[in-house]
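Values reported hereafter were calculated over all heavy atoms of this structure, with side chains retained and with hydrogens, waters and symmetry mates removed. Below, read A as the first sequence line, B as the second, and so on, with proteins coming before strands; counting in each chain starts at 1. Predicted model, so just to flag it, every value in this text is computed and none were measured.
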Amino acid sequence: MFNIKHALEELLSAAIDEATGLSGSNGNVIYATRPEFGDYQANGVMAVAKRAKTNPRELAAKVLAAIAENELIERAEIAGPGFINLFLVDDYLTRWGEHYAQNEQPLIEPVATAQRIVVDYSSPNLAKEMHVGHLRGTIIGDCLVRVLEASGHEVIRQNHVGDWGTQFGMLIAHMESLQTENDKLSLQLSDLETFYREAKQRFDNEPGFAETARNYVVKLQGGDEDCLQAWRMFIDTSLGHCESVYELLGVTLSRADLKPESYYNPQLAHIIESLDDKGLLSISEGAKCVFMDEFTGKEGAPLPTIVQKSDGGYLYATTDLAAIEYRASTLKADRVLYVVDARQSLHFQQVFAIARKAGMAAESCSLEHIAYGMMMGEDGKPFKTRSGDNVKLVDLLEESVRRAHAIVSEKNPSLDEETRAQIASVVGISAVKYSDLSKNRTSDYVFDWSTMLSFEGNTAPYMLYAFARIKSILRKDEAAELAGEVNLRITAEEERKLILKNLQFQETILVVAQDGLPNYLCAYLYELAGLFMRFYEACPVLKAEPEVRASRLKIVNLTAKTLEKGLSLLGLNTLEKM
RNA sequence: GGGGGUAUAGCUCAGCUGGAUAGAGCAACGGCCUUCUAAGCCGUGGGUCUCAGGUUCGAAUCCUGAUACUCCCGCCA
């Protein structure tokens, strides 16, 4: 696999081994922190010199001697206490740039050993509509799924929707009482948020209603056909809401990826038995629990994971255990990624630990919680609107498209309405997705309309704009046939930087696939687009003399490929014009 | 009470696992459209990386402690 960073790291690590007689040294190659320090820099010498008790600069000199013969380093300099600054050979860059600029050459090569990876993401609760808090999990998961697939892995999507549990009794009871007027019911269900609020209000305030609701839960779980029918209708309507959001967002989830909580219901009794068989189960205060030494609660007391309530009901942890067993044993996954918010990290630690102890997931199956932070309000407290509600995801997306439409109409009034609407749709949706994806998922973030709906600076529209400029050049190129005969060459620093950045695409993808951090990909694409913008200002393409023009067209073409691929991995569409 | 997370420019955030002078965007100010799309480019100003110690050639990053905010901790999901 083409990976400059790894190639340099291997080269430098081997050179350090050779210079010191040690083995397994780490060259510690990173991107150069400043342009005058080269393209990459190796920082490993200082640490090794310390271990070997030699002078770092002297060791660096020996390392340089050891890498004298190679095809990718033009020159290397020792700097400061023992840094090695690495300057790449121009010809190496142009040769590989040329290689990847070919239309039929894929930018990402498959990994050596493909894995089967289950990704659990989005997983909304069907009792309510999706709100802005669901954006992260849905979009991060969808990005990871795309990146993993592009890297050659076999990905199995799992949308573990919440369709089971006490709140559905309440919702069915509310439905039943409205059932007499069918038209009214479908109208009511068109706004699930209100429907839920009404049901909840009745549940809290009408004793008779709460009673009915609880009865429905029992009947539902007992398989009562009338109840099931009402439940199915509700779930179907609610799924319709989700799907329209997925459609708007361009998320790859389909009904085939659904594996709802209710799917695991028949397995739950068996999960309890199985825990019992392994001797992991104990009864505490009437509830069936698993206690593990590594988890302690208040005042060092053992912390239980409750798997069956004293009334016999099963819990979230029970369902998740069944899901782990299914994913690890039935699906035979090498990795299972849970893209779920960070509040549940203790829950997952417990459930993963139990699954291991009970043999529900083999050691070879990696269980990973891809946690993401909470959405906060502008005051730094957990986010709610003034009325205490959640902002519906559909509303955010529609608002974004509206604003994008106003801007397109202002900036480009000559375009026809259909084109403007199409541009607004792509710009509006991608802006929202990017503003979320570009933040490090592990920290909390502040929900704010203006940054969420911004179209300038480090935003998706910036990259879409760079892409549209590229396409504009390529459209006007009337001598494309010349491009094949002329070699890629570097005539300006802007060209060199842009080519090198293009060649770093695959290293970036690798990191994203490993760590599940889409913001690395965002940062990369922003830098790529920025370098293109500078190239665009400094290096005329179409007006350049024929050979330079042909060479620059290749660079433009390569950048178009990388941008389009990168944006598609983020789950963003591109535009020919904007 | 215990445990997790966070704290970086006026605001929103990066900082690729310990590297050299801590970076972007927004906001502010100043320049650049008869030249491939100005949703752009160039420039200026803006920092005690919460605080106090420690580890070492070198710390925003690792360790200890403190403060603030936040999340989780037995029958919700």
Side-chain angles (χ1 to χ4, degrees), chain A residues 5 28 30-34 37 41 43 46-47 49-50 56 79-83 125 127 162 164-167 261 284-289 295-301 303-311 313 315-317 319-320 341-347 349 371 373-374 376 378 380-382 404 407-408 410-412 427 435 438-440 442-446 448 450-451 454-459 461-462 464-466 468-477 507-508 511 515 517 519-520 522-524 526-527 530 533-534 536-544 552 556 577-578:
Chain A
K5 195 173 169 180
N28 196 5
I30 63 167
Y31 298 133
T33 52
R34 300 167 61 81
F37 298 157
Q41 64 183 65
N43 297 339
M46 290 166 287
K50 193 175 168 186
F83 297 107
N125 185 338
W164 208 239
T166 46
Q167 42 198 338
E261 286 179 349
S284 168
E285 296 172 35
K288 288 184 181 161
C289 306
F295 298 99
T296 53
K298 291 174 179 154
E299 276 131 44
L303 185 68
T305 306
I306 303 178
V307 291
Q308 190 170 16
K309 297 194 280 185
S310 47
D311 68 3
L315 289 154
Y316 186 38
T319 311
D320 267 340
D341 90 78
R343 282 176 300 188
Q344 300 190 32
S345 54
L346 176 61
H347 165 80
Q349 280 177 43
M374 298 195 52
M376 313 301 263
E378 284 167 60
K381 308 231 172 200
I407 289 174
V408 182
E410 178 201 319
K411 295 202 186 271
N412 227 333
V427 168
S435 80
S438 60
K439 294 174 175 71
N440 186 318
T442 57
S443 47
D444 293 344
Y445 77 110
V446 175
D448 173 48
S450 63
T451 53
S454 163
F455 302 138
E456 284 173 14
N458 185 4
T459 62
Y462 179 85
L464 295 175
Y465 186 64
R469 281 179 144 185
I470 288 174
K471 284 298 184 178
S472 179
I473 293 174
L474 295 178
R475 263 198 307 276
K476 288 179 180 149
D477 167 38
E507 349 182 311
T508 306
V511 175
D515 299 343
L517 292 169
N519 67 303
Y520 284 8
C522 291
Y524 169 82
Y526 180 58
E527 285 160 20
M533 292 292 198
R534 267 157 253 152
Y536 183 92
E537 301 282 340
C539 304
V541 177
L542 299 178
K543 291 190 174 61
R552 287 183 177 166
V556 168
K577 292 180 186 176
M578 69 181 275

Checklist entry - Counting any heavy atom closer than 4.0 Å, what does A:S443 reach on the DNA or RNA strands: base, sugar-phosphate only, or nothing? => result sugar-phosphate
Item to check | Sole candidate of A:N125, A:T319, A:D320 that passes side chain to side chain contact (heavy atoms under 4.5 Å, CB included) when paired with A:E261 | outcome: A:T319
Checklist entry - Do any N or O atoms from the side chain of A:Q41 and from the backbone of A:T33 form a donor-acceptor pair under 3.5 angstrom? => result yes
Next on the checklist: I need the CD-C1' distance between A:E410 and B:A38, as an integer number of Å.
Outcome noted: 12 Å
Checklist entry - Touch check for A:I306, heavy atoms < 4.0 angstrom, all strands: base, sugar-phosphate only, or nothing? => result base
Checklist outcome for this item: For A:P81 and A:M46 the tightest heavy-atom approach is CG-SD, 3.6 Å
Checklist entry - Heavy-atom distance under 4.5 Å between the side chains of A:S284 and A:C289, does that happen here? => result yes
Next on the checklist: Any side-chain N or O of A:K471 below 4.0 angstrom from OP1/OP2 of B:U37?
Outcome noted: no
Item to check | Closest nucleotide among B:C41, B:A39, B:C73 to the A:L303 side chain | outcome: B:C73
Next on the checklist: For A:L517, is there any backbone N or O sitting under 3.5 Å from a side-chain donor or acceptor partner on A:N440?
Outcome noted: no
Checklist entry - Looking at A:K411, does any N or O in its side chain come under 4.0 Å of the phosphate oxygens OP1/OP2 on B:A39? => result yes
Next on the checklist: Within the 4.0 Å heavy-atom criterion, would you say A:A287 contacts the bases, only the backbone, or no part of the nucleic acid?
Outcome noted: base
Checklist entry - What interatomic distance, in whole Å, is found between P of B:A20 and the corresponding atom of B:C29? => result 34 Å
Checklist entry - Which whole number of Å gives the distance between the P atom of B:U50 and that of B:C11? => result 14 Å
Next on the checklist: Can you see if the side chain of A:Y462 gets near the phosphate of B:C41 - specifically, an N or O under 4.0 Å from OP1 or OP2?
Outcome noted: yes
Item to check | Rounded distance in Å - CG (A:L464) to P (B:A39) | outcome: 13 Å
Checklist entry - Which nucleotide in the set B:A77, B:G40, B:U12 lies at the smallest distance from any side-chain heavy atom of A:M533? => result B:G40
Checklist entry - With a 4.0 Å cut-off on heavy atoms, is A:K288 in touch with a base, just the backbone sugar-phosphate, or nothing at all? => result nothing
Next on the checklist: Could you tell me the Watson-Crick or G-U partner of B:G40, where both distances fall under 3.5 Å? Say none if there is no partner.
Outcome noted: B:C32
Checklist entry - Once you round it to whole Å, what is the distance between C1' of B:G5 and CE of A:M376? => result 10 Å
Next on the checklist: What contact category does A:K543 fall into here, base, sugar-phosphate, or nothing, at under 4.0 angstrom with non-hydrogen atoms?
Outcome noted: sugar-phosphate
Checklist entry - Separation of A:D341 atom CG from B:C71 atom C1', in whole Å? => result 9 Å
Item to check | Listed nucleotide nearest any side-chain atom of A:V427, set B:A14, B:A39, B:U70 | outcome: B:A39
Checklist outcome for this item: Protein-proximity profile, nucleotides 15-24 of chain B, B/S/- by nucleotide at the 4.0 Å heavy-atom cutoff, equals SB--BBB--S
Item to check | Base orientation of B:U17, syn vs anti, 90° cut from 0 | outcome: syn
Next on the checklist: What contact category does A:E456 fall into here, base, sugar-phosphate, or nothing, at under 4.0 angstrom with non-hydrogen atoms?
Outcome noted: sugar-phosphate
Checklist entry - With rounding to whole Å, what would you report as the distance between B:A60 and B:U48 at their P atoms? => result 14 Å
Checklist entry - Which whole-number value in Å describes the distance from A:H347 NE2 to B:A77 P? => result 10 Å
Checklist entry - Is B:C13 paired to anything, Watson-Crick or G-U wobble with both distances less than 3.5 Å, and if yes, which nucleotide? => result B:G23
Checklist entry - Quick one: does A:S454 reach the base of B:C26 with a side-chain donor-acceptor pair under 3.5 Å? => result no
Checklist entry - What does A:L542 touch in the nucleic acid at a heavy-atom separation under 4.0 angstrom: a base, only the sugar-phosphate, or nothing? => result base
Next on the checklist: Taking only the P atom of each, what is the distance from B:U8 to B:C69 in whole angstrom?
Outcome noted: 15 Å
Checklist outcome for this item: Closest non-hydrogen atoms of A:M578 and A:L464, given as atom of the first, atom of the second and distance, are SD-C, 3.5 Å
Checklist entry - If each of A:I407 and A:G286 is mapped to the nucleotide of RNA chain B with the nearest heavy atom, which maps nearer the 5' terminus, i.e. the 5' end? => result A:I407
Checklist entry - Nearest-Å distance, CD (A:Q349) to P (B:G4)? => result 9 Å
Checklist entry - Is A:A468 touching bases, backbone alone, or none of the nucleic acid, heavy atoms closer than 4.0 Å? => result base
Next on the checklist: What's the gap between B:A38 and B:C72 when it is taken at their C1' atoms, as a whole Å value?
Outcome noted: 50 Å
Next on the checklist: Would you say A:Y465 places a side-chain N or O within less than 4.0 Å of OP1 or OP2 belonging to B:A39?
Outcome noted: yes
Item to check | Contact under 4.0 Å: A:K50 side-chain N or O vs B:C57 OP1/OP2 | outcome: yes
Checklist outcome for this item: In Watson-Crick or G-U wobble terms, with both distances under 3.5 Å, the base opposite B:U55 is none
Item to check | From A:T508 atom OG1 to A:K5 atom NZ, the distance as rounded to the nearest 0.5 Å | outcome: 8.5 Å
Item to check | Atom-pair distance (OH on A:Y316; P on B:C73), nearest Å | outcome: 12 Å
Checklist entry - How is A:Y445 classified with respect to the nucleic acid when contacts are heavy atoms under 4.0 Å: base, sugar-phosphate, or nothing? => result sugar-phosphate
Next on the checklist: Below 30° counts as parallel, above 60° as perpendicular, anything between as tilted: where do the rings of A:Y526 and A:Y462 land?
Outcome noted: tilted
Next on the checklist: With nearest nucleotide decided by heavy atoms, which residue, A:C289 or A:Q167, maps closer to the 5′ end of RNA chain B?
Outcome noted: A:C289
Checklist entry - Using atom C1' of each nucleotide, how far apart are B:U61 and B:U17 to the nearest Å? => result 8 Å
Next on the checklist: By the rule that syn is within 90° of 0, classify the base conformation of B:C33 as syn or anti.
Outcome noted: syn
Item to check | Side-chain N or O of A:R475 closer than 4.0 Å to phosphate OP1/OP2 of B:U37 | outcome: no
Item to check | Closest to the A:R469 side chain, choosing from B:U37, B:C26, B:C76 | outcome: B:U37
Checklist entry - Do A:K309 and A:L315 pass the side chain to side chain contact (heavy atoms under 4.5 Å, CB included) test, and can you show the C-alpha distance, the side-chain angles, and the key distance before you say yes or no? => result CA-CA 7 Å; A:K309 297 194 280 185; A:L315 289 154; 3.8 Å; yes
Checklist entry - Using the P atom in both, what is the distance from B:G40 to B:G25, to the nearest Å? => result 10 Å
Checklist entry - When we call it a touch if two heavy atoms are under 4.0 Å apart, what does A:M578 touch: a base, just sugar-phosphate, or nothing? => result base
Checklist entry - When all nucleic acid strands are considered with a 4.0 Å heavy-atom cut-off, which category describes A:V408: base, sugar-phosphate, or nothing? => result base
Item to check | A:Y31 OH to A:E507 CD distance, which is reported to the nearest 0.5 Å | outcome: 3.5 Å
Checklist entry - Atom CD of A:Q344 and atom P of B:C76: how far apart are they, to the nearest Å? => result 16 Å
Checklist entry - At their closest point, which heavy atom of A:Q167 faces which heavy atom of A:A127, and how far apart are they? => result OE1-CB, 3.7 Å
Checklist entry - So, does A:K439 use its side chain to make a donor-acceptor pair with the main chain of A:S435 at under 3.5 Å? => result yes
Item to check | P gap between B:G4 and B:U12, integer Å | outcome: 27 Å
Checklist entry - To the side chain of A:K439, which of B:C13, B:G74, B:C42 is closest? => result B:C13
